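Down below is the structure, laid out as structure tokens.
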Amino acid sequence: MSTVNISAVLDAIKSCLPQDENYIGLHEPFFGGNEWSYVKECLDTGWVSSVGKFVDKFENALTEFTGAKRAVAVVNGTAALHIALSLVGVEQNDEVLVPDLTFVAIANAVMYCGAVPHFIDSEKNTLGIDPGKLEMYLREISQIRLDGCYNKKTGRRIKAVVPMHTFGHPVDLDTLEEISSRYKLEMIEDAAEALGSYYKGKHVGNWGKLSTLSFNGNKTITTGGGGAIITNDEALGRLVKHITTTAKAPHKWSYFHDMVGYNYRLPNINAALGCAQLEQLPQFVEKKRTLSKKYQKAFTDISGISFFLEPDFAKSNYWLNAISLENSRQRDDLLEITNSKGIMTRPTWTLMHRLPMFQSCPRMDLSVAKDIEAKVINIPSSPFLIP
Ligand SMILES: *Cc1c(COP(=O)(O)O)cnc(C)c1O
């Protein structure tokens, strides 16, 4: 196991960044387009709240960009996951297969449905769910019955699987979709980190019944806070819109709600930001890919460290650039020195199975996720770092 020269790593990171800044964040928003004029229009007209033309415009622009038939804008990515899980039929006491290495939103959303997250290991090249390992595991622990897939150990139904495109790098969607259908699982793609990423030439979010996006402040584009559900099933898309907008039957004055709905809509003022941001998304992705090429080059001659590249089948937005240390004992030293020099870096999320509320949840062998957790660091990735 080789150790890396920490100051060489610091120099390599610095060489890819602007020289005249004393602080560089991990991923900061950039408002260089029509943000001011669209938001001003909301304020000038009074259309700041739950309906308005920017909501419709934003949803249409999202379908155009992703190629999906329908997009529904919602308050955040976590709400999008909650609705997506409910609408594919996740019920009380079901299990849902989720990556152990992910942001907490997925496991939380499973809990909102009264279901149980079941943690799955990562594949070392994509960082997302390992399809081969998942399949071997399912073969061992599950039993397929007429009404679905059951966990032989817990007796619970396993209803769905939620792959996530870690740091923007797509997972192997075709293989996961094939496994899902063979095991009678619904697949929901959590594409929160992957707007602007493509799998085999097609934008992510087009596999499975429903997919989710996030426009939080640190994502590739932001609406302040926000998210979306995208789908190619138009009837399901209409239901998503209905249930996230309080399930109110359209009428001139009457308030009639025909099911328990949610007030999960994205306000018009946030959608206005989203419209302006989406117009700049192609340039953002281009700049982020340029930055990742610079990093890749800067790290080639340093031993003991590697830079994460997009998988062969994918074109990644490189949402967060990531490096992996061969020697995990150097991780905290590197975090310490970069952050003390005003260059924000951070480790991956703490693995889900370690969090207090999920400690008793079912899981498979998680050795790859543990290895990634111990060795991987994210480095600055804002698009404006490239002039
Ligand atoms: C950002 C993110 C979400 C959604 O987060 P919100 O802050 O609720 O928009 C979901 N999953 C992953 C993997 C994310 O990175």
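Note that ligands are numbered from 1 as they come in the structure, with each ligand's atoms numbered from 1 the same way. Predicted, not measured: the structure shown is a model, and the values here were computed from it.
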For the rings on F215 and F58, is their centre-to-centre separation under 6.0 Å?
-> yes

Residues in side-chain contact (heavy atoms from CB on, under 4.5 Å) contact with V48, at least two apart in sequence or another chain | C42, L43, I269

Kindly state each residue pair satisfying side chain to side chain donor-acceptor pair (under 3.5 Å) with at least one member in residues 288-299, sequence neighbours excluded.
-> H27-K288, R289-E310

Scan side-chain atoms only and decide if Y199 and N206 contain a donor-acceptor pair under the 3.5 Å cut-off.
-> no

Hydrophobic side-chain clustering at under 4.5 Å (ILVMFWY, transitive links): who's grouped with W47? Put none if nobody.
-> V51

Does a side chain donor of either H82 or Y264 reach within less than 3.5 Å of an acceptor in the other side chain?
-> yes

Find all protein N or O atoms under 3.5 angstrom from an N or O atom of ligand 1 and list the pairs with distances, or write 'none'.
unit_1: ligand 1; atom_1: 8 (O); unit_2: G77; atom_2: N; d: 3.3
unit_1: ligand 1; atom_1: 8 (O); unit_2: T78; atom_2: N; d: 2.9
unit_1: ligand 1; atom_1: 8 (O); unit_2: T78; atom_2: OG1; d: 2.5
unit_1: ligand 1; atom_1: 9 (O); unit_2: G77; atom_2: N; d: 2.8
unit_1: ligand 1; atom_1: 9 (O); unit_2: S214; atom_2: OG; d: 2.7
unit_1: ligand 1; atom_1: 11 (N); unit_2: D190; atom_2: OD2; d: 2.7
unit_1: ligand 1; atom_1: 15 (O); unit_2: E193; atom_2: OE2; d: 2.5
unit_1: ligand 1; atom_1: 15 (O); unit_2: K219; atom_2: NZ; d: 3.2

